[in-house]
Amino acid sequence: MSGLVAFSRCPMSERYNPSEIEPKWQQRWLADELYKTEAADARPKYYVLDFYPYPSGDGLSVGHARNYVPTDVVARFYRMRGYNVMHPMGFDAFGLPTENAAIKLKANPHVLNEKYSANYIRQFKLLGLSYDWSRVFNSSHDSFYRWTQWIFIQIFNSWYDPRLGQARPISELETELAAHGTGRILDAIDAKPEQIGAIARSVPRIEADAWQAKTPRERNRFLMQFRLAFRGESTVNWDPVDKVVVANEEVDAQGRAWRSGALVEKKTLKQWNFRITAYADRLARDLDTVNWPQKIVTMQRNWIGKSQGAEVDFKIDGDASEKIRVYTTRPDTLWGATFMVLSPEHPLVARITTPEKRAEVEAYVAHARAMTDVDRTDVSKAKTGVFTGATATNPVNGERIPIWVADYVLMSYGTGAIMAVPAHDQRDFDFARKFGLTIRMVIQPPGVESTDASVLTAAYSDHGDGLGRMVNSGPLTGMDAGKSIAAAIDVIEEMKAGQRRVNYRIRDWLISRQRYWGTPIPIIHTEDGEVTVPESDLPVRLPDVESYEPTQTGESPLVQVHDWVNTPTGQRETDTMATWACSSWYYMRFADAHNGARVFDPKEVNYWLPVDMYVGGAEHAVLHLLYSRMWTKVLYDLGVVGFIEPFKSLRNQGMILAPEQKEVDGRMVYEKMSKSKGNVITPDEVVAEHGADALRGYEMFISDFSQTVPWNTNGVPGVRRWLDRVWRIVLSPMDDRGGPATMTTRELRRAAHQAIQKIEHDFDAFAFNTAVSSMMEFTNTLFKARDAGLTETPEWAEAIDILVRLLAPIAPHLAEELWERMGLPYSIHKQTWPKADAAAAAEDSIEIPVQVNGKLRDRITVAVGTDEETIKTLAAQSEGARRFVGDKPIRQVIYAKGRLVNIVI
RNA sequence: GCCCAAGUGGCGGAACUGGCAGACGCGCACGACUCAAAAUCGUGUUCCCUUACGGGAGUGUGGGUUCGAUUCCCACCUUGGGCACCA
């Protein structure tokens with residue numbers, strides 16, 4: 001009975017119930033196509049994109065939402081600010097995770113993929129994400145991959161002209177070869193050494209008649225050395241767990257494969273590659289034009305690894321027909337080269353080794369071959385090597401120097417041979433010490449009197465800072481080390497002993513995979529060699545197969561589908577493309593997602609691209625993000641697109657770890673969320689309990705966007721409480737009154753307009769956590785304003801209007817519901833962002849801390865615009881200051897404008 | 001080994017360009033409401049001394065520059081990431 005009395009006396013307002021309002025609005029938005037991208041108009045465009053996910057059977061965790069919620073907030077924020085926004089989503093559906101799941105579950109990957117991506121879409125909708133679903137696609141559907149194949153064909157039919165520094169149709173190369181042979185192209189590379197990767201290094205100098213004499217098969221083979229997509233034999237990384245080759249970019253420093261974690265093995269196989277080395281220079285250079293995290297830019301620069309130096313030829317004593325060519329970044333130290341080292345794989349090793357050394361050298365080479373790459377390149381291991389018995393002549397001083405073989409020289413970098421300068425290279429120094437070889441100083445370090453290498457306890461390298469003076473170096477002697485490199489190249493070129501060269505660490509990008517679940521490579525092996533499938537026959541569809549298991553021979557399961565493999569003109573290529581191919585252009589397809597007649601309408605792609613804001617994990621630093629840049633540049637060169645970089649701005653979100661610490665190797669650590677560890681928190685469970693808006697709010701509030709952070713299960717309820725307060729202060733401000741408070745309408749208005757300024761600034765800076773906290777502060781201010789009795793004022797109405805608009809990007813469902821209940825027309829998400837009134841936001845008075853000798857002793861409040869002298873006087877008179885100054889003389893009074901006063905005694 | 005980032009209360013974190021350290025939230029404590037609980041509202045919450053007023057210390061460690069340092073400089077420690085015989 002008492003309960004009844006209480007009820008009638010104090011009617012409860014309807015409570016905030018996200019599970020009721022969220023599905024309601026989600027359905028309405030979807031039915032109205034509220035977030036459908038509009039056609040180009042007078043507004044500026046904004047393309048905000050997430051790294052498109054591969055749909056896994058585990059679905060999304062709250063960690064994944066860390067990516068998708070902020071981009072959604074940005075998309076909504078830009079819409080309200082009057083931009084024409086494209087915010088799409090699709091699926092990177094091909095690839096090993098789905099295929100491995102299919103093998104394990106004995107299911108069809110097509111079926112799994114549809115099921116998994118449907119679940120992702122359900123979860124995305126659950127989070128209230130404002131994707132334009134009319135543009136969704138799946139990279140494993142032939143409506144998409146036929147265009148991946150089309151681009152492959154364009155790249156296959158292109159070569160890189162070092163004279164223009166860009167890709168051209170291969171037909172134009174054929175014309176040139178018929179008229180001039182390879183001479184002009186090779187000359188161009190000599191003249192522009194940074195173009196070293198434009199064509200294969202194996203291309204010989206041939207005349208036009210030699211080209212004309214070639215059979216079609218020979219010509220095709222020859223052209224493979226130029227094509228930007230080419231099949232070639234090379235040493236590749238074989239992943240024994242996934243039974244597939246992987247790209248260099250997919251192997252970490254420990255030699256482990258990116259996905260499976262298996263130690264890769266080296267195999268020499270014929271594989272499909274993209275000639276990304278042709279673009280090395282542009283890929284490095286154009287990094288200056290993007291707004292990306294410095295870390296990612298640095299990683300790409302390091303991966304490309306451009307270095308400048310010279311190639312120098314050394315004559316082999318007693319063998320006039322062969323020379324050893326070395327690459328060095330320090331040609332100025334050539335006078336200090338006291339021996340040479342060949343890589344064990346170097347083709348000249350067998351030829352130059354003297355009979356008495358043959359057995360020893362062969363044993364060493366065999367031993368080196370047997371070692372794993374990881375063991376071989378272990379920097380902590382002592383240097384090993386053997387003398388070949390042969391000597392070479394140092395071209396600049398005519399000295400005879402011994403030629404050694406050692407595994408610290410890699411065949412895969414430079415020329416596979418080095419001139420060893422032990423005095424100025426630590427590796428050579430270690431080697432010379434161990435084997436008693438001559439060490440000669442050619443750079444005299446600053447502060448060292450002697451010019452004899454016996455004073456050196458380690459190699460001296462000036463690291464390009466130019467400290468030191470050249471000694472024992474013929475014409476270079478006496479020169480500053482800083483100027484010596486260019487001078488040395490001049491000397492070497494004049495002597496015709498070598499020339500300026502550029503080298504890159506990056507290697508060609510291996511794209512073929514011996515797997516079923518990928519885009520078929522549109523190539524047929526004919527009598528005349530590899531030819532592309534005619535564009536009119538695209539797509540080359542993936543046939544159905546009985547078994548998805550990789551074969552024991554390391555071939556794709558597709559080899560067993562004879563009907564598919566055999567065509568009237570030849571056999572189909574059975575390798576498929578790695579998913580990097582799909583992701584290298586998907587962001588362009590969104591501009592014209594369902595075009596069946598062409599890859600996309602250039603008008604659409606050039607309007608929407610480049611992506612204005614691209615958000616995803618940092619683990620793709622040199623994978624997807626490098627590959628995409630290359631494809632963009634190829635398509636630019638071929639006139640397909642009109643931009644040179646695909647992603648204007650890039651941001652990496654931090655990871656979310658499991659909430660509970662676990663003991664691992666004796667330490668307490670937060671682990672990654674993973675199904676196998678059983679510590680995954682799903683958005684589904686959080687939304688069911690607290691609603692999507694609270695989850696979204698917490699995803700933003702949890703930490704700085706880029707920081708890795710453990711999930712806190714108390715975090716979402718905290719945000720939920722805030723949303724509850726918003727609900728009550730907007731709809732029933734007179735409930736739950738607090739204590740008495742004072743606030744003027746001017747102060748309320750100031751708080752509202754300061755909130756606009758702050759939140760706008762924070763969104764632009766990706767500082768979502770402080771944006772949320774500013775909204776919480778503004779909400780707290782409204783409660784205080786309510787207690788001060790301002791709810792009937794126009795300023796109150798304005799403040800509430802501003803609050804709901806500010807809230808719309810973060811809590812779209814709650815904002816929509818409040819907007820409707822306020823009697824305003826649908827939809828809040830079609831409203832404009834509130835405009836801050838600078839005058840309203842301005843402070844009337846400021847509080848200035850007063851320090852004595854740097855310690856806070858008091859505060860004074862002065863009107864804005866009070867002059868410096870008055871402030872200093874007021875500060876000196878303040879009670880706190882007087883207590884500490886006493887009658888001691890004031891030495892100095894410092895006033896930092898509007899900041900603080902410091903009295904020094 | 002080299003390069004980069006970070007280190008702030010019990011916890012996540014905030015602090016524009018060298019100027020009030022700890023915003024906001026969580027947690028905790030106390031109080032109001034209630035028969036009671038939940039919810040809500042209010043107050044407090046870096047540590048130490050003090051009933052209080054107030055004072056002292058304090059942003060990984062040690063030093064430096066400065067009237068003033070979480071912020072700049074030097075050395076070191078720890079954690080995370082990247083690279084690793086690239087000639």
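Within every chain, numbering begins at 1; the chains are lettered A, B, ... in the order of the sequence lines, protein sequences first and strands thereafter.
Between A/Trp711 and A/Tyr698, the ring-plane angle classifies as perpendicular under the 30° and 60° cut-offs.
For A/Ser703, the listed nucleotide lying nearest its side chain is B/rG13; candidates were B/rG13, B/rC41, B/rG19. With B/rC67, B/rA15, B/rC24 as the choices, the nucleotide that has an atom nearest any side-chain atom of A/Asn780 turns out to be B/rC24. Between B/rC41, B/rC26, B/rC67, one nucleotide has an atom nearer to the side chain of A/Asn712 than all others, and that is B/rC26. The side chain of A/Gln851 lies closest to B/rG19 when the candidates are B/rG82, B/rG19, B/rC41.
Using a 4.0 Å heavy-atom distance criterion, A/Asp704 is classed as a sugar-phosphate-only contact. Nucleic acid contact class of A/Arg857 (heavy atoms, under 4.0 Å, all strands): sugar-phosphate only. The residue A/Phe884 sits close only to the backbone: its heavy atoms come under 4.0 Å of sugar-phosphate atoms, none of a base. Residue contacts for A/Arg721: at a heavy-atom cut-off of 4.0 Å it reaches the sugar-phosphate backbone alone, with no base atom in range. Looking at heavy-atom distances under 4.0 Å, A/Arg883 makes contact with sugar-phosphate atoms alone, never a base.
To the nearest 0.5 angstrom, A/Tyr895 atom OH is 13.5 Å from A/Asn902 atom CG. With rounding to the nearest 0.5 angstrom, the CG atom of A/Leu807 is 6.5 Å from the CG atom of A/Leu723. To the nearest 0.5 Å, atom NE2 of residue A/His624 and atom CD of residue A/Glu249 are 13.5 Å apart.
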Could you list the protein-to-nucleotides 84-87 of chain B atom pairs, N/O on both sides, closer than 3.5 Å?
residue : atom : partner  : partner atom : Å
B/rA84  : OP1  : A/Arg505 : NH1          : 2.3
B/rC85  : OP2  : A/Thr377 : O            : 3.1
B/rC85  : O3'  : A/Arg427 : NH1          : 2.4
B/rC85  : O2'  : A/Tyr408 : O            : 2.9
B/rC85  : O2   : A/Lys383 : NZ           : 2.6
B/rC85  : N3   : A/Lys383 : NZ           : 3.3
B/rC85  : N4   : A/Arg376 : O            : 3.2
B/rC85  : N4   : A/Lys381 : NZ           : 3.1
B/rC86  : OP1  : A/Arg427 : NE           : 3.1
B/rC86  : OP1  : A/Arg427 : NH1          : 2.1
B/rC86  : OP1  : A/Arg427 : NH2          : 3.0
B/rC86  : O5'  : A/Arg427 : NH1          : 3.0
B/rC86  : O3'  : A/Tyr413 : OH           : 3.4
B/rA87  : OP2  : A/Ser307 : OG           : 3.2
B/rA87  : OP2  : A/Tyr413 : OH           : 2.7
B/rA87  : O3'  : A/Thr328 : OG1          : 3.1
B/rA87  : O3'  : A/Thr329 : N            : 2.5
B/rA87  : N6   : A/Leu410 : N            : 3.1
B/rA87  : N6   : A/Leu410 : O            : 2.8
B/rA87  : N6   : A/Tyr413 : O            : 3.4
B/rA87  : N1   : A/Leu410 : N            : 3.3
B/rA87  : N3   : A/Arg427 : NH1          : 3.4

Please write out the pairs of protein N or O atoms and N or O atoms of nucleotides 69-73 of chain B separated by less than 3.5 Å, giving the distance to one decimal.
none

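Projected onto RNA chain B by closest heavy-atom contact, A/Pro717 and A/Gln707 fall at different nucleotides, the more 5' of which corresponds to A/Gln707. Residue order along RNA chain B, read from the 5' end via each residue's closest nucleotide, puts A/Thr708 first among A/Thr708 and A/Gly854.
For A/Gln892, the side-chain hydrogen bond (donor to acceptor under 3.5 Å, both in side chains) test picks out no residue, with sequence neighbours left out.
Checking the phosphate oxygens (OP1, OP2) of B/rC41, a side-chain nitrogen or oxygen of A/Arg725 falls inside 4.0 Å. Under 4.0 angstrom from either OP1 or OP2 of B/rA14 there lies at least one side-chain N or O belonging to A/Asn769.
Using a 4.0 Å cut-off between a side-chain N of Lys or Arg and a carboxylate O of Asp or Glu, A/Asp407 and A/Lys381 qualify as a salt bridge. The residues A/Lys758 and A/Asp762 are annotated as salt-bridged, a charged nitrogen and a carboxylate oxygen being separated by less than 4.0 angstrom. Here A/Arg66 does not pair with A/Glu699 in a salt bridge; the nearest charged N to carboxylate O distance is not below 4.0 Å. In this structure, A/Arg201 pairs ionically with A/Glu311, as a charged nitrogen and a carboxylate oxygen lie closer than 4.0 Å.
Contact of A/Asn902 with B/rC67 (side chain to base): a donor-acceptor pair of N or O atoms is detected under 3.5 Å.
Using a 90° window around 0 for the glycosidic torsion, B/rG42 falls outside it and is classed as anti.
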